[in-house]
Amino acid sequence: MHSIPRGRVTSYGVVAKLAGLPRGARLVGHVLANLPEGSALPWHRVVNSRGTISFPIGSERYREQRERLMTEGVSFRSEKIDWRQFGWPSTLD
DNA sequence: TTCTTGACGCGCA
DNA sequence: ATGCGCGCCAAGA
């Protein structure tokens with residue numbers, strides 16, 4: 001199973017790659033979109049390659065994901081994740 | 001079975 | 001930095 005790496009924010013593309021699907025970024029999105037409610041998967045730690053939340057800004061989901069991330073200590077710079085707190089996105093899992 | 005849509009990604013102007 | 005187009009894979013109409 002492809003579980004999401006814990007303790008760090010990652011992107012759909014990276015997850016897909018780790019799962020052996022180099023071009024399956026959208027797949028990951030589809031999977032997360034179809035997640036059961038009780039799922040323990042940290043979906044909120046998955047963002048797109050731009051480092052932004054893949055929801056319309058201001059939408060309910062957007063707000064929730066951002067809220068969760070910030071709760072975990074992830075800082076944002078405007079609408080984009082401030083990778084400076086990790087070093088650089090290439091150091092993703 | 002074909003067309004459209006969607007929690008994506010990358011290259012180019 | 002911003003917008004646009006094309007490629008990718010799956011699910012639903």
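Proteins come first, then strands; the chains are lettered A, B, ... in the order of their sequence lines, and each starts at number 1.
Contact detail for A:Val9 and A:Trp83: the closest heavy-atom pair is O-CZ3, 4.1 Å. Closest heavy-atom contact between A:Ser54 and A:Asn48: OG-ND2, 3.0 Å. Contact record, A:Ala16 with A:Gly24: CB-C, 3.5 Å, taken as the closest heavy-atom pair.
Between the side chains of A:Glu72 and A:His44, at least one donor-acceptor pair of N or O atoms lies under 3.5 Å. Between the side chains of A:Glu79 and A:Tyr62, a donor-acceptor pair is found at a separation under 3.5 Å. When only modelled atom types and interatomic distance are considered, A:Gln85 and A:Ser75 share a side-chain donor-acceptor pair under 3.5 Å.
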(message) Before you tell me yes or no, could you show the steps for A:Arg45 and A:Arg68 under side-chain contact (heavy atoms from CB on, under 4.5 Å), namely the whole-Å CA-CA distance, both residues' side-chain angles and the distance that decides it to 0.1 Å?
(response) CA-CA 9 Å; A:Arg45 293 183 186 158; A:Arg68 288 191 171 215; over 6 Å; no
(message) Evaluate A:Arg61 against A:Glu64 for salt bridge (charged side-chain N to carboxylate O under 4.0 Å, His left out), listing each step before the verdict.
(response) CA-CA 5 Å; A:Arg61 291 217 222 24; A:Glu64 184 184 330; over 6 Å; no
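Linking Ile, Leu, Val, Met, Phe, Trp and Tyr whenever their side-chain heavy atoms come within less than 4.5 Å puts A:Val46 and A:Leu41 in one cluster. In terms of hydrophobic clustering, with Ile, Leu, Val, Met, Phe, Trp and Tyr side chains grouped at heavy-atom distances under 4.5 Å, A:Val15 and A:Leu32 are assigned to a common cluster.
Sequence neighbours left out, not one pair with a member in residues 21-40 of chain A passes side chain to side chain donor-acceptor pair (under 3.5 Å).
When DNA chain B is scanned in the 5' to 3' direction for atoms under 4.0 Å from non-hydrogen atoms of chain A, the outermost contacting nucleotides are B:dG6 to B:dC10.
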Between the protein and nucleotides 9-13 of chain C, list the N/O to N/O atom pairs that are separated by less than 3.5 angstrom.
none

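Applying a 4.0 Å cut-off to non-hydrogen atoms, none of the residues of residues 59-76 of chain A approaches DNA chain B. Within residues 49-57 of chain A, the residues having any heavy atom closer than 4.0 Å to DNA chain B are, in order of number, A:Ser49, A:Ser54, A:Phe55.
Under the 3.5 Å distance criterion, the side-chain polar atoms of A:Ser59 are left unmatched by any main-chain donor or acceptor of A:Phe55.
With the 3.5 Å cutoff on both pairing distances, Watson-Crick and G-U pairs in DNA chain C assemble into runs of at least 3 at B:2-6 with C:9-13, B:8-13 with C:2-7.
Between A:Phe76 and A:Leu69 the shortest side-chain heavy-atom distance falls below 4.5 Å. No side-chain heavy atom of A:Lys17 sits less than 4.5 Å from a side-chain heavy atom of A:Tyr12.
Screening A:Val47, A:Thr52, A:Ile53 against A:Arg50 for a side-chain contact (heavy atoms from CB on, under 4.5 Å) leaves a single residue, A:Thr52.
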